[in-house]
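See structure below.
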Amino acid sequence: AFTYCILIHGLCQCQRIDEAYQLLDEMIQKDCHPDAAVYNCLIAGLCKMGKIDAARNVLKMMLERSCVPDVITYTSLIVGCCQTNALDEARKLMEKMKESGLTPDTVAYNALLNGLCKQNRLEEVSKLLEEMVEAGREPDTFSYNTVVACLCESGKYEEAGKILEKMIEKKCGPDVVTYNSLMDGFCKVSKMDEAERLLEDMVGRRCAPTVITYTTLIGGFSRADRLADAYRVMEDMFKAGISPDLVTYNCLLDGLCKAGKLEEAHELLEVMVEKDCAPDVVTYSILVNGLCKLGKVDDARLLLDMMLERGCQPNLVTFNTMIDGFCKAGKVDEGHKVLELMKEVSCTPDVVTYSTLIDGYCKANRMQDAFAILGISPDKASYSSMLEGLCSTGKVEEAQEIMDLMTKQGCPPT
RNA sequence: CUGUUCGUAUGGCCAGCC
């Protein structure tokens, strides 16, 4: 049974869920009763992939076989709910856990805390922190790190600083994750000097930087179009004995593409391959975007085909990028064809997809076609692209009709 | 043997900066 658990866990880590299911079946057939840990592995794997319904099914299966869910089971499910923004569900699970006589531990609370943070529900965050204290589950370094990351994300640096003080006071870090979050906060607002100063602080405090630390900085410099600095940090990283990973390369690649340095981008790609860092869907999307923005839409389209050939499935972002590329190049029909293609490969379009196309049609003065898209997806993003399109071409009456329509469709203008 | 925190790609609008 141990062996199975290890195997299932391994399979779930590399998203090979089907094989994990097969193993579970095998266990049951061999009369080798799977325990909670085995089910938990599968549930956690599914939850991480956002397949919460499948995870719930495993829970059912578990109950049918009279295997009792534990705190870990619930925590994994909470994570799953949070990932799909189903916070009410997550809260319900927390209650259910308590009802069934289990006491949530700090990890369970942290999972919910993270969900609240991701949605920026700051009042609820502080409430939950209080609840933790009341329940005798003092927030730990994970809890504080979660909150710090959240505060940095929403630009509340003073508050993040306060948490930092509290952490020091409670001897709960700060650790490398705390620093990385703070650093990312500075990078996102282009305060690169402050971000770099944090790196010095870390080293001074004997808090060893990780690949994430360096990648955060490299990403910041790339975004700020400071490629020389990005390369400099990369050098420092090598000197510190840390190897770049796929994300690091993708950050740099994006910087190169956005700066129009396609030659260098291709060179970097070769380096990646040499270093056994196989390009992933993000790498390709970066390249597609780069090609599109430099007016090489047809090359981008070829790259998309190449992905399919190489078995690297383009995702929502790749397709959206491609559609925008065609629209901006004045080839809206080609863009629409990509929409059809994504449906063929069962990639579900989102609000970005539709608003991109609506914008494309409007800018091409093809209002009927734009309306047709709006008909498929009458959401806020689509409406605002449509309104923008109508207003910028002086069709104010039509715009007002749209506003009425929005109210009727239960999507009132804001 | 299993669960929690940090880094990468896409549209429009608005704000800010030059």
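Labels below follow one simple rule: chain letters A, B, ... track the order of the sequence lines, proteins then strands, and each chain is numbered from 1. Just so it is clear, the values below take in all heavy atoms, side chains as well, and ignore hydrogens, waters and symmetry mates.
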Between atom CG in A:Leu287 and atom P in B:rU10, what is the gap in whole Å?
13 Å

Does A:Glu124 come within less than 4.0 Å of A:Arg91, counting only side-chain N to carboxylate O?
yes

Give the minimum heavy-atom separation between A:Val79 and A:Ala111, together with the two atoms involved.
CG2-CB, 3.8 Å

A:Leu253 CG to B:rA9 C1', in whole Å, measures 10 Å

How close or far is atom P of B:rG11 from atom CG of A:Leu357, stated in whole angstroms?
14 Å

Please report the closest heavy-atom contact between A:Lys343 and A:Pro349, naming both atoms and the distance.
CE-CG, 4.4 Å

Watson-Crick or G-U stems involving RNA chain B, each at least 3 pairs long, distances under 3.5 Å, ordered by first number:
none

Is the shortest distance from a Lys or Arg side-chain nitrogen in A:Asp201 or A:Arg205 to a carboxylate oxygen in the other one below 4.0 Å?
no

Electrostatic pair A:Lys30-A:Glu26, nearest N-O below 4.0 angstrom:
yes

Tell me the closest heavy-atom pair linking A:Asn315 and A:Val317, and the distance in Å.
OD1-N, 3.0 Å

Between the base of B:rG12 and the side chain of A:Ser355, is there a donor-acceptor distance below 3.5 Å?
no

One thing to verify: whether A:Glu334 and A:Arg301 come together as a salt bridge, which I'm taking to mean a side-chain N less than 4.0 angstrom from a carboxylate O.
no

With a 4.0 Å cut-off, would you call A:Lys127 and A:Glu134 a salt bridge?
no

Hey, are A:Asp88 and A:Lys92 close enough for a salt bridge, meaning a charged N less than 4.0 Å from a carboxylate O?
no

A:Ile43 CD1 to B:rU2 C1', in whole Å, measures 10 Å

Let me have a per-nucleotide readout for nucleotides 3-8 of chain B, 5' to 3', with B, S or -, counting only protein heavy atoms under 4.0 Å.
BBBBBB

Using whole Å, what does the distance between atom C1' of nucleotide B:rA9 and atom CG of A:Leu256 come to?
14 Å

Hey, does the side chain of A:Lys328 come within less than 4.0 Å of B:rG12's phosphate (OP1/OP2), counting only N and O?
yes

List, with names and distances, any nitrogen or oxygen atoms from the protein found under 3.5 Å away from nitrogen or oxygen atoms belonging to nucleotides 13-18 of chain B.
none

Are A:Asp184 and A:Lys188 ion-paired here, with the side-chain N under 4.0 Å from a carboxylate O?
yes

Rounded to whole Å, please give me the gap between CG in A:Leu269 and P in B:rA9.
17 Å

Below 4.0 angstrom, N of the basic side chain to O of the carboxylate: do A:Asp305 and A:Arg310 qualify?
no

